[in-house]
Amino acid sequence: MILTLTILLAVIIAIAWAAFNAAYLVLAERRGAGIIQRRPGPNINGPFGLLQPPLDGIKLMAKQLIIPDGADKFMYISAPVLVMCPAIMSFVALPYSDWLQAQNIDVGLLMVFAFASMGTMGIVFAGWSSRNKYSLMAAMRSVSQAVAYEIPMIITALTITLMAGTTNLDAIVAQQSENFFHWNIFPLFGETHNILMPFSFLIFFICSMAETNRAPFDLGEAEGELVAGFHIEYGSMGFGLFFMGEYANIVIGATLATIFFLGGWSCPFGLFPGVWWFLIKMYAIIFTIIWIRWTFPRTTIYGLLNLSWKILIPASLVNLLLTAGLMKVF
Amino acid sequence: MGKENIPESVVQLAIADDIIKIGRANSLWPLTFGIACCAIEMMATGGSRFDMSRFGAEVFRPSPRQADLLIIAGTVTKKMQPGIKTLYDQMPEPKWVMAMGNCAISGGPFAIKENYNVVLGADTFLPVDIYVPGCPPRPEGLLQGIIELEELVSDWKRFKDPEKAHSRQPSIRAQADKEV
């Protein structure tokens, strides 16, 4: 009974954390865009505009729900849920500190990637079921993009697994504790010596940005070509769930990058390791993602797929092979 | 008017209604839809100098399903009229319409005898909630239109007492009252 309650509490906290981040990262994005474009951004509603996300949420929930004529009703309704739920499920396995983790799973890495790739199915459902040519085209684009960028991302995660010798996310962080030179991004004194890790980090970062449909890779929602992308027929909270799912996926990507490469909750100088270091690193990565979105223009679909199939996948494969070789030599 | 089409619910919750109204007023997402030169002023309103994002209204949605506000920014020709009507019909309730500029209000400079292709005002075929005059109106005008629409949506004033807020410069309205 107590075990069940503990698991229930953990899941509730995971959901609340995902929803809180999704709501307030939208505000961070809008304020960040404002700062980059030399304007204030939403700053009137509440102190620093902090009431803007709840107000938007209230409006979206109170809006009329339209199901288009001829849409596949079951798929149309289930698509936003299929985008949001797997994203929340991934949070259950993510460790934020040595004590702050919902469930310590031995195959945590596998589980996170399994759930992260399920979000694509929701996008296909949305594009297919809304009976709109633009949404279908956008969904097909999103799928080709997700397939193209999942491969180098998972190969890079495989490189990490090879070095760490485990798929337990907790254990991966534990190997990088102490200070900056033990982190996987630049392992000079760690248990493993691999000069290719900064390169792996770059591949992982680009892939996590493309996986979450972020600019400059947001071809699935290119307004100039596809009106609004795969969620064109979704109003009210259905659209809100797609939006929240996207931001939850950004948090997952940044969290994984922190766990794999930046030493999780360990301090760069070996002082006071704890959850605060994790949050600093995670939000720094998220800020970089927002910064990139408002700095670079969108790529073309050919450029996007060429980058993955011609550069990232061969590079990550070579990286994996060389890592295996280096592991054998040293 | 958009909000009159919503069926009244059986259970009435006054506080919830007020909260929902304030939520609606503070996130009026316009449709990315510009017809003529007023659209240039609309873009300037979204830009750095005037920045309508302060009021939470900068989220220009490309799809009518996600928009709350249809800004008719420019001359409505007879060829364009069915398209605008379709866009309005595709927006989910509650929705509001703003006629921006003289052409959208009454045909403006096109309201002449020789006119054969311009619809004389958007209110001939759409329920317009708010009119912003000007040819084209300045971005400040559009901002004031949005603030007035917020009052119309929620019976809630964003700027409580304009005379107190700008006490050093009495407003035009206040001066006119004194003369009377």
Side-chain angles (χ1 to χ4, degrees), chain A residues 26-27 29-46 48-69 71 130 132 134-135 138 221-240 242-243, chain B residues 2-3 5-7 9 13 15-29 31-33 44-69 87 89-96 139 143 146-147 150 153-154 156 158-159:
Chain A
V26 177
L27 179 70
E29 171 110 51
R30 286 164 77 176
R31 290 304 302 268
I35 291 163
I36 287 165
Q37 296 170 354
R38 302 190 74 179
R39 61 189 174 84
N43 66 347
I44 285 186
N45 298 324
F48 308 107
L50 284 178
L51 282 179
Q52 193 64 49
L55 288 169
D56 282 342
I58 288 166
K59 186 213 69 176
L60 282 172
M61 278 184 240
K63 218 157 156 57
Q64 184 192 6
L65 188 66
I66 289 182
I67 297 177
D69 202 15
S130 41
N132 186 311
Y134 296 113
S135 70
E221 29 196 292
E223 290 98 348
E225 303 150 28
L226 295 167
V227 190
F230 56 84
H231 50 60
I232 179 169
E233 290 288 352
Y234 284 86
S236 70
M237 209 53 205
F239 164 69
F242 278 122
F243 229 65
Chain B
K3 52 184 177 179
N5 295 340
I6 309 169
S9 55
L13 294 169
I15 299 172
D17 276 355
D18 286 348
I19 291 173
I20 286 173
K21 275 179 183 173
I22 288 186
R24 280 174 182 158
N26 282 297
S27 71
L28 286 168
W29 295 357
L31 186 67
T32 317
F33 184 63
T45 317
S48 324
R49 183 160 179 175
F50 301 98
D51 194 21
M52 69 205 272
S53 78
R54 288 174 294 154
F55 310 107
E58 96 278 28
V59 192
F60 279 96
R61 294 312 307 170
S63 164
R65 302 273 188 230
Q66 296 147 14
D68 311 300
L69 170 63
L87 281 176
D89 290 341
Q90 282 176 337
M91 284 162 68
E93 301 281 346
K95 53 193 170 184
W96 293 276
L143 280 180
I146 285 171
I147 291 166
E150 283 173 353
V153 170
S154 64
W156 163 84
R158 183 178 286 282
F159 299 113

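Below, chains carry the letters A, B, ... as their sequence lines are ordered, and counting in each starts from 1.
Of the listed residues (B/Ser63, B/Gly23, B/Ser53), the one with the most heavy-atom contacts under 4.5 Å to chain A is B/Ser53. When each of A/Leu60, A/Asn43, A/Asn45 is scored by its heavy-atom pairs under 4.5 Å with chain B, the top score falls to A/Asn45. Note on B/Gly47, B/Ala67, B/Pro64, B/Gly56: by heavy-atom pairs under 4.5 Å with chain A, the leading option is B/Gly56.
Applying the side-chain contact (heavy atoms from CB on, under 4.5 Å) criterion to A/Ala62, with sequence neighbours excluded, gives B/Ile20, B/Arg24.
Using modelled atom types, one side-chain atom of B/Ser48 and one backbone atom of A/Gln37 make a donor-acceptor pair closer than 3.5 Å. A/Gln64 places a side-chain N or O within donor-acceptor distance of the main-chain N or O of B/Glu93, the cut-off being under 3.5 Å. Side chain of B/Gln66 to main chain of A/Tyr234: a donor-acceptor pair is present (N/O by atom type, distance under 3.5 Å, no hydrogens or angles).
Of the two parts of A/Ile44, the backbone and the side chain both hold a non-hydrogen atom closer than 4.5 Å to a non-hydrogen atom of chain B. Of the atoms belonging to B/Ile19, heavy atoms from both backbone and side chain fall under 4.5 Å from chain A. For a residue to count as touching a neighbouring chain, one of its non-hydrogen atoms must lie under 4.5 Å from one of that chain's; by this rule A/Ile58 touches chain B with the side chain only.
No side-chain heavy atom of B/Pro92 sits under 4.5 Å from any side-chain heavy atom of A/Leu65.
Sorted by first and then second residue, the salt bridge (charged side-chain N to carboxylate O under 4.0 Å, His left out) pairs with a member in residues 54-69 of chain B read A/Arg30-B/Glu58, A/Lys59-B/Asp68, A/Lys63-B/Asp68, A/Glu233-B/Arg65; sequence neighbours excluded.
Atom OH of A/Tyr134 is surrounded by 12 or fewer heavy atoms from other residues, nucleotides or ligands within 6.0 Å.
Screening A/Arg38, A/Arg39, A/Arg31 against B/Asp51 for a salt bridge (charged side-chain N to carboxylate O under 4.0 Å, His left out) leaves a single residue, A/Arg39.
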